[in-house]
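Residue numbers begin at 1 in each chain, while the letters A, B, ... track the order of the sequences.
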Amino acid sequence: LRRRQLQRIGVWSGVTAGAWLGAAEAPTKLVTTGLSPTLVSLCMVFGVFVARWSAPALVRGVRAVGDDVQQAPHLVVWAVLGGCLWAVANTLTVYAIRDVGLSIAFPLWNTNSVIGLLWGVLFFGELRGARRARQVTVVASIIVLFVAALLIADASATQAPRRDAVRGISAALAAGVLWGTMYIPYRKAYVTGMNPLSFLTFFTVGEVVTMTMLALSESGGIGSLVYRLSVARGALFWLALGGFVWVIGDIAQQYAVKYVGISRGIPLSNTNQLWGLLWGGLVFGELDRASVAARLMIVCGSVLMVLAAGAIATAATDEREQERWDETTAREVDRYGVDATFARTRAFGEESNGQRRSWVDWGIVAVATATFVGLAVVARWPPLAIHAGWLAAVATASIAILVAWGFALWRTTRFA
Amino acid sequence: LPVTVFTSSPVLPGRRVRVLRGRKLGTLLPNDDAGHAVVNVPDRTKKAIRALLSDVQFWIPLAALIGGVLVLRWVG
């Protein structure tokens, strides 16, 4: 019964991740300055960093994060490595969009679910021992999701001038490989019992250090970097907000990976394209001038995506596959000397949640809030037509999904 | 790393115990000559580094990261 509850919460986490990862694209649409791809990525990572420290402090408290690290200190290295992979992949996607446009780039980096599936099967016993029908369902759904992504991207993307096809395709594919490989650290953490919120606290250190190094290398020094950022200060809030929203989606994605594994969690999160389409098409009116054929392709792609996600959601792990998961946990516990009871109870979503918030936690939340307020004060609202009715509808739906998921997660696992 | 600790209640040798300072897990050894409890606290840092470097799963993301940075420098 407990396994079924965790499966359900994992599926729900994947759906919530899709909604909020898709919503993260909305604030970045308001950016019209000529920032370089690396600086766009750096500003987003800044928002990500603020969110990744304030959310765990608010939900669990910094002390709980410290307790987790005491139990499995090696996971700090894995978390930082995962963060480095994310930062490089995110920057690559910006270059890919610049060079070949979203319609080609998006489906290419969405191959991350195939790479993730490969590592899940090879290293973490996912789908192994499962009934053949479930294996076929998951693999076929991933292929259908890829086809749906192709259809939607091709029909909905604004055709940017293509600058360099070889470089753009290479960047998109490399991003897919990096994002797919990033799930090795994710899964590694969760089979060992690490709380997703603790993992993300260190994950973001890798992100921010990598992006700062890349930006410094591109700008040619700290003075030049600060100058370029100060020139574009009107856009910083929107990019940081995009990063903040993205983190909410990523937290849900982490719980999906924890409770349903890479092979199911990532394809569910990849439905973010559907939500990106809702934001772009309904709120920003990007499809107002689309042809009938393009709209038909979008509808077909969206229906396929929903069906494939639904199929994955129903292909739950069975007893034999769970045994393989337990074997993986035993292997990690043995290799890294982690307390077996800690790993097992955490894998079942059970942990004591008696930590009180300290002044450090409230201090972190206050600094994060002040940072965003400060950026908002100097932000510029770009001249962009927005359909207010649709904005209210899509935002309300996203928040409703988040609140319902958060409540269910708290009730089932107390955010474990 | 054997360390001497003072316990507020008797514990049996061989049991795993939690040392409050640093919250490390260790195994209780037979008492020393003065009657103090002795706990063997394994050096987890060294063990963890050894485990990490011998884990093939560590080298795959690292190789992917290096490859990604090289692609980034090429396209950038």
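Contacts of A/Ala171 with chain B are made by both backbone and side-chain atoms, with heavy-atom separations under 4.5 Å. Interface residue A/Phe123: backbone and side-chain heavy atoms are both found under 4.5 Å from chain B. At a 4.5 Å heavy-atom cutoff, the contact between A/Ile184 and chain B is made by side-chain atoms alone. In this structure, chain B has no heavy atom under 4.5 Å from any part of A/Arg187. For A/Phe124, the part sitting under 4.5 Å from any heavy atom of chain B is the side chain, from C-beta outward, and nothing else. The part of A/Ser217 that comes within reach of chain B is its side chain, from C-beta onward, which places non-hydrogen atoms under 4.5 angstrom from that chain.
Donor-acceptor pairing under 3.5 Å is recorded for the side chains of A/Arg60 and A/Ser198.
Heavy-atom pairs under 4.5 Å with chain A peak, among B/Val71, B/Leu62, B/Leu52, at B/Leu52. Ranked by non-hydrogen atom pairs under 4.5 Å with chain B, the options A/Lys188, A/His74, A/Met182 are led by A/Lys188.
Panel note: side chain A/Thr345, backbone A/Thr341; a donor-acceptor pair is recorded below 3.5 Å. In this structure, the side chain of B/Ser54 engages the main chain of B/Arg50 through a donor-acceptor pair within 3.5 Å.
A/Arg344 pairs by the salt bridge (Lys or Arg N to Asp or Glu O under 4.0 Å) definition with nothing, not counting sequence neighbours.
For A/Arg331, the CZ atom sits in a packed shell: over 12 heavy atoms of surrounding residues, nucleotides or ligands are nearer than 6.0 Å. Within 6.0 Å of atom CG in A/Leu122, more than 12 heavy atoms from other residues, nucleotides or ligands are found, so the atom counts as buried in its surroundings.
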